[in-house]
Amino acid sequence: MTTVPPPVEDPSFSLAGTREPPRRVLMKGNEAIAEAAIQAGCDAYFGYPITPQAELLEWMAKRMPEEGRAFVQAESELGAINMALGAGAAGARVLVSSSGPGVSLMAEAMSYMAGSEVPMVLINVMRGGPGLGSIGPSQSDYFQAVKGHGHGDYRVPVLAPSSLGEAMEMVATAFELAEHYRTPVIILADGIMGQAMEPVEQHYRTPPRQTASWALTGADGREPRVVRSLHLAPEELEEHNAHLQEKFRAIAEHEVRWAGERLDDADLVIVAYGTAARVARTAIARARAAGLRVGLFRPISLWPFPSAELAGVADRTRGLLVVELSAGQMVEDVRLAVAGKVPVAFEGRTGGMVPSPDEVVEALRELDATGSSRRARRVRRRPPIPVSGADHMHPHEPMAEPETGHDALSIFGDDAWMPHWYTVPVPTHPTRNGRGRGHGRNGSAERRRGDEGGTR
Amino acid sequence: MTATVPAAPRVIYQRPARLTDVSTRYCPGCGHGIIHRLVAEVLEDLGVDGRTIAVAPVGCSVFAYEYLGYDWCEAPHGRAPAVATGIRRVRPDAFVLTYQGDGDLAAIGTGEIVHAAARGELITAIFVNNGIYGMTGGQMAPTTLVGQRTTSSPTGRDVRAAGYPVPMTEMLAVLPGVAFAARGSIADPSAIGKTKAYIRKACEAQIRGEGFAVVEVLSNCPVGWGMTAQESIRYLQDVVVQTYPLGVLADRRAGAQSGAARPGTPPGTARHAENRPAGQEA
Ligand SMILES: Cc1ncc(C[n+]2csc(CCOP(=O)(O)OP(=O)(O)O)c2C)c(N)n1
Ligand code: SF4
Ligand SMILES: [Mg+2]
């Protein structure tokens, strides 16, 4: 049994002539990720519009035909993901992107792809759920991505970038993993990452193709190939599952990714990924200024989760604080990893709200003082107050800085810019139990429509 | 006595090369086997065997890959046209076929087939309409006849609760992206001959880049219908065709009288195949 196929170049997909892009530019997250995929050799993109990932689809609509690659705006996410299944089975390097409601529709085909070992990369630009939820940034699809998504015994690698540059590099890595292990791979981004503009260094990488030995090309002068997940005889399916499980073990052994910051002298450690890790970084700077020695443990692969590595770090600390844009999902994996060795506290916001660095500092203080996980599950409930006047601004005009307090972009640094219609409310004055005053970059104006309360 | 030299043997009938020599899992008398054979004969005649990538449905013909020796991709129930779209867009030099039942195409996969047809996707759909969900035990399908008894319409399909049969191919035929749409049957040799001619035209439409093509084939399901094989054939001849008349429903191929066909590879298709010499593939 070959768990991992040897890399073989596939001559049938040639990238000759791909336009060389400019090196350092200001790009919107969704667009930068899309271009990175093109430069990484993406042969086919299939999508369906949904906020906050629509610009990814729009970029592909323009660029893919320009490069002579496949692009279809599908009739639904069901259509998109099944087109991806077909193109992936035919050996192409395939990208699909969506957000929560659409990703839910993709669960069935993801399970088929895992079962029939079809490589594909799915980017989920997460928004608030459940249901239609909100279009605000969120990390509430962690369970969906990491714990299964569709039916059956399977796992897929899940990668979480926390900056645009990292996301761009990650697309190439994701294609590589997908083809090497013959598996779908999920990249979990969120609305802030998709919507914010950041200056990006464009260092692109095009991994070699690895699909030629099994891809469907037409059975000309060779045995027919069948890409399938059906194994009707229980013994046969069990054997196939054993093969898949062995592959998952190989991934768990070789593909753990994480980053640590300021861990050397840390008494307390924040565990956070993606946008939450950027909030955490700001919070750590403030906490250190106030005399708390805090470090950051940032899982980059959410599956496989860096459990052993985190347990090792936890051994040298007095407590962990998990920060998420969710009601507490990754925190379960953190608790499993440290197995009660140190207290694990949680700080999270939901619905499209982003925890402020000060909230995180406060949670750190409490963890420091009590050494307990009393804040085990703390999800704030505090309505934002939109900035008045912002609704009238032109969609492409940068916002004036708000007069007071923290704003979501401070976690991205001074160079970043957020479209005014994109709601990223962050409380300005976190209070322990009262209602803090918050503001959005612009309330709830819908993109290009400006009316209140609509959904896309 | 004059010695006669025997003439060289001439093959007048044989198994198509890609029709595998195995006994199928189909029930005795089931029409799927005949339709498989027609597909194999046509693709062989057209010389596309070696570049065919077929998409299997979920239904009794889920094992089609055991019976027809092409490259196959299995699709989730109803999604074959989307899977075929993905294949065709990245391998524009392939011949891409979906083989789907009526539950697959006319119920759960309605969206996928309609939009593949609307896009004029260069694929050919073989739509086997036996008016029932054969594989799951003979439940009512959208195509089940009014009054027809199934395991989920035990007193017969009642239009007040279950509505009317869906004339899927007529509905697809109105779309300008459809180059060819027809309905045949496997009820008798003459009908089978016509069905084969329809399948041929539907495949040629793809080969010439004229658009989407679908052939609905009225088939039987003796087990699901609760009949003997012979009864089921008579039912097909006498009753089923009343609801589903046979014939060509749309012909917009370039050679046809009224045409909207736009031959060529659509934009949004991978370009690589144009530069690739035939047979270079792995
Ligand atoms: C999502 C999903 N729903 C339901 C099923 C169960 N199922 C398998 S085959 C089938 C019906 C197939 O009927 P049809 O397409 O008419 O094919 P036939 O067996 O009659 O040839 C159903 C409902 C499934 N496999 N997947
Ligand atoms: S159940 Fe019906 S369609 Fe299925 S194999 Fe038997 S006769 Fe054929
Ligand atoms: Mg049927």
- Message: Working to the nearest 0.5 angstrom, can you tell me the gap between Thr217(A) OG1 and Ile53(B) CD1?
- Response: 6.5 Å

- Looking at CZ of Arg69(A) and CZ of Arg89(B), how far apart are the two atoms once the value is rounded to the nearest 0.5 Å? 16.0 Å

- What heavy-atom pair brings Gly69(B) and Pro224(A) nearest, and what distance separates the two atoms? O-CG, 3.5 Å

- Message: To the closest 0.5 Å, what do you measure between CG (Leu216(A)) and CH2 (Trp72(B))?
- Response: 11.5 Å

- Query: Pick from Pro76(B), Gly86(B), Gly268(B): which one has the most heavy-atom pairs with chain A under 4.5 Å?
  - Reply: Pro76(B)

- Task: Heavy atoms only, distances under 4.5 angstrom: which of Val55(B), Val114(B), Ile87(B) has the most pairs with chain A? Name it, please.
- Result: Ile87(B)

- Hey, what do you get for CD (Glu74(B)) to CG (Leu85(A)), rounding to the nearest 0.5 Å? 8.5 Å

- Considering only heavy atoms, which portion of Ala84(A) lies under 4.5 Å from any heavy atom of chain B: side chain, backbone, both, or neither? neither

- Task: Evaluate side chain to side chain contact (heavy atoms under 4.5 Å, CB included) for Met83(A) paired with Val83(B), printing each intermediate quantity in order.
- Result: CA-CA 5 Å; Met83(A) 290 172 196; Val83(B) 173; over 6 Å; no

- Item | Portion of Val58(B) that has a non-hydrogen atom of chain A nearer than 4.5 angstrom | side chain

- Task: Measure Ser229(A) against the heavy atoms of chain B and call it side chain, backbone, both or neither at under 4.5 Å.
- Result: both

- Message: Is Leu232(A) close to chain B through its backbone or its side chain, or both, or neither, when contacts mean heavy atoms under 4.5 Å?
- Response: side chain

- Whatever's closer than 4.5 Å to a heavy atom in chain A on Phe95(B) counts as neither

- Query: To the nearest 0.5 Å, how far apart are CG in Asp220(A) and CG in Asp71(B)?
  - Reply: 10.0 Å

- Task: Would you mind reporting whether Phe71(A) and Thr269(B) have side-chain heavy atoms less than 4.5 Å apart?
- Result: no

- Measure distances from Ala84(B) to the heavy atoms of chain A and classify the residue's part below 4.5 Å as side chain, backbone, both or neither. neither

- Message: Taking side chain as everything from C-beta outward and backbone as N, CA, C, O, which of these in Arg18(B) sits under 4.5 Å from a heavy atom of chain A? Side chain, backbone, both or neither.
- Response: side chain

- Item | Arg91(B) bridged to Asp43(A) by N-O distance under 4.0 Å | no

- Query: What is the distance from atom CD of Glu108(A) to atom NE2 of His77(B), rounded to the nearest 0.5 Å?
  - Reply: 9.0 Å

- Query: For chain B, which residues of residues 96-104 of chain A have at least one non-hydrogen atom nearer than 4.5 Å to it?
  - Reply: none

- Item | Side-chain touch Leu230(A)/Tyr65(B), heavy atoms, less than 4.5 angstrom | yes

- Task: Check whether more than 12 heavy atoms from other residues, nucleotides or ligands sit under 6.0 Å from atom CD of Glu236(A), and answer yes or no.
- Result: yes

